[in-house]
> 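The structure is given below, and queries will be raised subsequently.
We name chains A, B, ... by the order of the sequence lines, and we start the count at 1 in each one.
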Amino acid sequence: MAKMIGRRLLMLIPVLLGVSIIIYSILSLTPGDAATLILGDSATAESVAKLREELGLNGGFIERYVRWLSGVLRGDFGISYKTRNPVFMEVFQRFPNTVKLAFTAIAISSIFGVLFGILSAVKQYSLIDNVVVAATLLLSSVPDFWLGLMMILLFAVKLKWLPLSGVDHWYNFIMPGITASAHYLANTIRMTRTSMLDVIRADYVRTARAKGCPERTVIFQHALRNALLPVVTLIGVNMGWQLGGTVITEQVFAIPGIGSLMITSIRQKDVPVVLGALVFIALLSSLINLATDVLYAYIDPRIKSQYVKK
Amino acid sequence: MSENTNKTISDAERAARRAKYKKKSELAVVWRQFKKNKLALFGLFVIVIMVILALTAPLFIDFEKDVIEQNVMNRLQGPSSEHLLGTDAYGRDILCRLLWAARVSMFTGFTVIAIGIVGGIILGATAGYLGGVVDNLIMRFIDIFLAIPFTLMAISIVATLGNSIPNLVLALSLALIPKFTRIIRSSVIGLKGQEFIEAAKLCGASGPVIVLKHIIPNALGPIIVEATLAVARTIIDIAGLSFIGLGIQPPNPEWGAMLSDARKYMIQYPYLIMSPGIAIILTAASLTLIGDGLRDALDPKMRN
């Protein structure tokens, strides 16, 4: 196992290098000179030159990239053009809100996704199944930000049950969590249902029934454990994507997270912040994917044995 | 010599005829299966109507007068017989804007998918057919793209290159190419070892010919299914990016941009945010139903 984790961690290095090169090249296409942008048009050529030196804007593309990268490796993501604070600090301040939102969404989509997926598979073609399948279709087709707006209208404006925005209490995250989870919930229900239906028809489940196991034991002991394997991967992948996918939800509910930091920074052409936030999230989602793969190998002995033999 | 040439032509013709016949019957089988699925038929019906409306919109809607021109006297009027869905904050008819937005969304959506498929076929087929080092290089490159969450990638591309439809298309198709590359690569690898490919090779067909004429047509099923589902997702994504101000720009109508405009007034005038949202759901849900129906129709296991 340790060997597998080590090898996967090594494989992460070229991927992350590639990610940083791609993001760096895209963002370096941003038009306009950053130093002039900060100081305004009335600044003297001297002060612009001084600031360029300070921000590390001099030199060719490769030189700048190498300088930036060596900074990143030491934990220095540069300084924000706008606030002059270290980028790492800016990102880290906003990070807890994004994490709270992402995990609320993952919790909602995983718990309800697996629950409804099982229910719908066990009672295939029943009324419950049809309702769940229809709801899944609706959930996967609804634009998440629109769902958020509708919930604001209903729960915050009309019924006044939940606050419009804010991040100080747990109930502030209910509506944003549901909004961000909609598509993932639909995916999880679909995946659990399909996988459960496959397993229920498997020979060993028939054997379990034939030898007289009670239905509950068959479903939970025999079927569910195997059916959940692909779902675990899906949840892991979702988690990685979710961290980067809360941008729109953060905009709807005015949550000061990494997504809204990025949008403001993009509007202000604050390239180091956008760059730092993107690389940070890419690193995080790669690590989560790796963790999922390890977990997957851990719960599926067949995969574990593949790595042990090697 | 001339006799020989004649013979080859007739052979080729016969093969073409046979291929045509085979294709037709295959299509017929798929259609017969597809027809049984009432929900998928409903989805197809909705999409066909929307495509027709979107294509013919210029015949009954004047872009400048009905979609763009502001008329403050008429602003924020609820649904009435004159304006079926009401008017927006600038006094423009919502139904007209909604229909025009369907044009924008569908055109952008289908372009994105087309680029995604072509890119996916080029990369996926090359990787799958050649294998080895090339395969490794391409797939590692794809891994890099998959490590960046897609929304963020699209946002940074649109933000740096500027807000325009071509840049939006570029950003969204870059997000799709890795997905299609993977699907096509795995079908190519699956088909590569089969006898009819060996036969084509022995006949002296070159690599690109084998891939384009023999492998891709056989791998088309899953590609079409994925493409239909991807159009649905792309239309939602276009709306999302436009909603946060990074997609299609006002005054051009787009469902997400309309929602973004309407947001300021939604508490007093909730009808403003209803219709664009329902339009997106209807389109995305119909496309998903078609995609699911096609998947079942193409699956030989479901044919009995």
> To the closest 0.5 Å, what do you measure between CG (B/Leu174) and CD1 (A/Ile26)?
7.5 Å
> Side chain from CB out, backbone as N, CA, C, O: work out which of these in A/Val247 comes under 4.5 Å of a heavy atom of chain B, or both, or neither.
side chain
> Considering only heavy atoms, which portion of A/Val157 lies under 4.5 Å from any heavy atom of chain B: side chain, backbone, both, or neither?
side chain
> Looking at B/Phe42, I'd like to know if its CZ atom is crowded, meaning that more than 12 non-hydrogen atoms belonging to other residues, nucleotides or ligands lie closer than 6.0 Å.
no
> For A/Leu147, is it the side chain, the backbone, both, or neither that has a heavy atom closer than 4.5 Å to a heavy atom of chain B?
neither
> Apply the test side-chain contact (heavy atoms from CB on, under 4.5 Å) to residues B/Phe145 and A/Val19: give CA-CA distance (whole Å), side-chain angles for both, the deciding distance (0.1 Å), then the verdict.
CA-CA 7 Å; B/Phe145 270 88; A/Val19 168; over 6 Å; no
> Could you tell me the separation between the CD1 atom of B/Ile273 and the CH2 atom of A/Trp146, rounded to the nearest 0.5 Å?
7.0 Å
> Any idea which heavy atoms bring B/Phe243 and A/Leu149 closest together, and the distance?
CE1-CD1, 4.1 Å
> I'd like to verify something: which residue of B/Ile155, B/Asp143, B/Leu287 has the highest number of heavy-atom pairs under 4.5 Å with chain A?
B/Ile155
> Could you tell me whether B/Phe141 atom CZ has more than 12 heavy atoms of other residues or ligands within 6.0 Å of it?
no
> Atom CZ of residue position A/Phe103 - does it have more than 12 heavy atoms of other residues, nucleotides or ligands inside 6.0 Å?
no
> Side chain, backbone, both or neither: which part of A/Val252 has an atom under 4.5 Å from a heavy atom of chain B?
both
> Sub-4.5 Å heavy-atom contacts with chain A: which residues of residues 276-286 of chain B show up?
B/Gly277, B/Ile278, B/Ile280, B/Ile281, B/Ala284, B/Ala285
> Would you name the heavy atoms of A/Gln251 and B/Arg263 that are closest together and state the gap between them?
O-NH2, 3.2 Å
> First locate atom CG of B/Asp292, then atom CZ of A/Arg190, and finally report the distance between them rounded to the nearest 0.5 Å.
4.5 Å
> Of all the heavy-atom pairs spanning B/Pro270 and A/Leu153, show the shortest one and how long it is.
CB-CD1, 3.8 Å
> As an exercise, state the distance from CG of A/Leu137 to CG of B/Leu39, rounded to the nearest 0.5 Å.
8.0 Å
> Where is the tightest heavy-atom contact between A/Ser141 and B/Thr288, given as atom of each residue plus distance?
OG-OG1, 4.2 Å
> Who among A/His183, A/Met150, A/Met11 has the most heavy-atom pairs with chain B under 4.5 Å?
A/His183
> With a 4.5 angstrom heavy-atom cut-off, could you sort out which part of A/Leu17 is near chain B: side chain, backbone, both or neither?
neither
> Can you tell me how far apart CD1 (B/Ile157) and CD1 (A/Ile22) are? Round to the nearest 0.5 Å.
9.5 Å
> Just wondering, more than 12 heavy atoms not from B/Arg182 lying within 6.0 Å of its CZ?
no
> Using distance only, find each side-chain donor-acceptor pair of residues 234-242 of chain B under 3.5 Å and give its atom names and separation, not counting sequence neighbours.
| unit_1 | atom_1 | unit_2 | atom_2 | d |
| --- | --- | --- | --- | --- |
| B/Thr234 | OG1 | B/Ala230 | O | 2.7 |
| B/Asp237 | OD1 | B/Arg233 | NH2 | 3.3 |
| B/Ser242 | OG | B/Ile238 | O | 2.9 |
| B/Ser242 | OG | B/Ile248 | N | 3.1 |
| B/Ser242 | OG | B/Glu254 | OE1 | 3.3 |

